[in-house]
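The structure appears right after this line, and notes come after that.
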Amino acid sequence: MNPLELEIRALIEQDGPLSIADYMALCLAHPQHGYYTTGHPVGGRASANRTGGDFITAPEVSQIFGEMIAVWCMEMWQKLGSPPSFNLVETGPGRGTLMKDLLRVSRALPDFLKAAEVYLVEISPTLSEQQSLTLSDSDLPVTWVRDVQTIPQRPTILIANELLDALPFHQWVKTDQGWREKAVGLKDGALVFTTRPATLAPTSLPADHHAAPVGTIYETAPAREGFVATIAQRLKTDTGAALFIDYGHISTGFGDTLQAVRGHGFANPLLEPGKSDITSHVDFAPLLSTARLSGCVAPEPVTQGAFLISLGLLERAGNLGTNKPASVQQTLQSAVERLAEPDKMGDLFKVMAFGAPASLDARWPGFA
Ligand code: SAH
C-alpha cells in the first residue's frame, strides 16, 4: 500500500471520515507524497523517450493560447496607466509554457517587459524545476514563491490557468435528515465515500435547495474564495488585474463534479491516493461575488471560446499559417478548434477577471 494511503487510513481511524477537501488536500499537496509535490501532471502521453503527463492544458495545446493571454496582460497594463514597475504573476504555472509564450510575445511592447517583475507561485518542487528549464532563456529574471502574499507590494497583473480546480472543495449530500457533508471513510479495509456529521447552514445553499431530491450533491469551496479574496484585496490596495481560466460554471448549481484523472483518462479518486489529479468544476459565481465584495471591479465571466476569439485568436492563427505548409495550417486549425469550439474546451472553460481601480471597468479586453 502506498505511504500516503497508510497515512490517510491512520487519520481516518483516529479522527473519523475526512472531508473531501481534507482528502483532496492530502492527495494533491502532501509535502512528501502529494500528486503535485511529486508528479509530472501536465503533458502528453508517455513515449519511449519521455515521461508522460496525466492531462493536457490549453498552453500545451498551442502557443496561441499564451499569446492571447499576453495580449490581455499588455492591454491591462496600458489600462492601468503603464506603471513603470509591476508584478507579472502566474499562480500554478505547470510546465511554465504559458509564461514562456507570454514573455516572447510581449517583446512587442518593450516598456511592458522593462516594467515587469516576474513571479511564479508554485507549491511543487518538481514543477518549479520544470518551469526553470522552460524559462531558462527567458528575457527576464524569474522569482519563485510558494505564497502569493510574499510578493512585494506594487501594481500586479496575475494570471492562473487551471489552478482554481486544484484547490480543495467540499461536497454536501441531501439526506432524509438534511444536508450532510460527504466524506472519505474506511469500510471492510477499503477507502469508501460516506458522510460525516458536519452540516451546512441553509443560508449557504441555493434558494431552491428544498426542491432538490435526496441524494443531490452540492459543492462549496471556501479555499477558492479565500484565495480570490487574498488576491482581490491586494489588487484593491496596490491596483492591478487578475485573470482566472478554468473548467466550470458561471451560475451556481447542484451536481457531483469530483473527478480524478490519470494517464489521460478518468480514475477512481479513492484508489492510490496521490497518484491521480483530483479536481472539481469551478463555481465562478461565489468567486465573482468575493472579488466584488473585496472592492474590485469585474466584468461578467465569459466562455474561453468567446474570450480567445474576442482577443484575436482566429486572426493570429491565420497570420501564423500564412505561406506555411498545409501540415502546419492543419495543426493550427486543430489547435484553434480544440481551444475555442463549444464541444471542445470553448464552452466548458470559463474566464473571470477582476481588478482595481474602478476606472478599469470600461471595456475589459476579451470580455466584449
Ligand atoms: N497552469 C498550468 C498548470 C495547471 S495544473 C497549465 O495551464 O498548464 C495546476 C498547477 O497549480 C500546477 O503547477 C500545481 O503544482 C499548481 N498548484 C496546485 N495547488 C497550488 C497552490 N495551492 N498554490 C500554487 N500552485 C498550486
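We count ligands from 1, going down the list as the structure has it; atoms in each ligand are counted the same way.
- Look at Thr91 and you'll find every heavy atom at least 4.0 Å from all atoms of ligand 1.
- Side-chain atoms of Asp54 and Tyr35, non-hydrogen and from C-beta on, do get closer than 4.5 Å to each other.
- Each of the following atoms of ligand 1 lies closer than 4.0 Å to a heavy atom of Ser124: 15 (O).
- Ion pairing between Lys275 and Glu272 fails under the 4.0 Å rule for side-chain N and carboxylate O.
- In terms of polar-atom proximity, defined here as any N/O pair under 3.5 Å, Glu60 makes no such contact with ligand 1.
- Annotation: atom 24 (C) of ligand 1 to nearest protein heavy atom, Val121 O, 3.8 Å.
- Residue Asn161 has at least one nitrogen or oxygen atom sitting less than 3.5 Å from a nitrogen or oxygen atom of ligand 1, judged on distance alone.
- For atom 6 (C) of ligand 1, the closest heavy atom belonging to the protein is Thr57 OG1, 3.3 Å.
- Looking at every heavy atom in both residues, Thr37 comes nearest to His30 through OG1-O, 2.6 Å.
- Remark: Glu5 engages Arg9 in a salt bridge, criterion side-chain N to carboxylate O under 4.0 Å.
- When Gly92, Gly94, Ala29 are ranked by how near their heavy atoms come to atom 1 (N) of ligand 1, first place goes to Gly92.
- For the pair Pro41 and ligand 1, no heavy-atom separation below 4.0 Å is found.
- Shortest contact from atom 13 (O) of ligand 1 to any protein heavy atom: Glu122 OE1, 2.6 Å.
- Annotation: Arg95 places no N or O atom under 3.5 Å from an N or O atom of ligand 1; distance criterion only.
- The six-membered or imidazole ring of Phe86 lies near that of Phe112, with a centre-to-centre distance under 6.0 Å.
- With a 4.0 Å heavy-atom cut-off, ligand 1 is reached by the side chain of Leu163 but not by its N, CA, C or O.
- For the side-chain contact (heavy atoms from CB on, under 4.5 Å) test with Leu88, the passing option among Ile159, Leu103, Thr156, Leu120 is Leu103; the others fail.
- With rounding to the nearest 0.5 Å, the separation of CZ in Arg224 from CG in Asp246 is 7.5 Å.
- For the pair Lys182 and Phe193, the cation sits on the ring face: its NZ or CZ lies under 6.0 Å from the ring centre, inside 45° of the axis.
- Here Leu167 has side-chain heavy atoms under 4.0 Å from ligand 1, and that is the only part of it that gets that close.
- Val173 shares a hydrophobic cluster with Ile217; the chain of contacts runs through ILVMFWY side chains whose heavy atoms sit under 4.5 Å apart.
- Looking only at protein heavy atoms, the nearest one to atom 9 (C) of ligand 1 is Glu162 O, 3.4 Å.
- Nearest protein heavy-atom neighbour of atom 19 (N) of ligand 1: Ile123 CD1, 3.5 Å.
- Cluster membership for Val105 and Val89, using ILVMFWY side-chain heavy atoms within less than 4.5 angstrom, is not shared.
- Of the protein's non-hydrogen atoms, Leu127 CD1, 3.7 Å is the one closest to atom 12 (C) of ligand 1.
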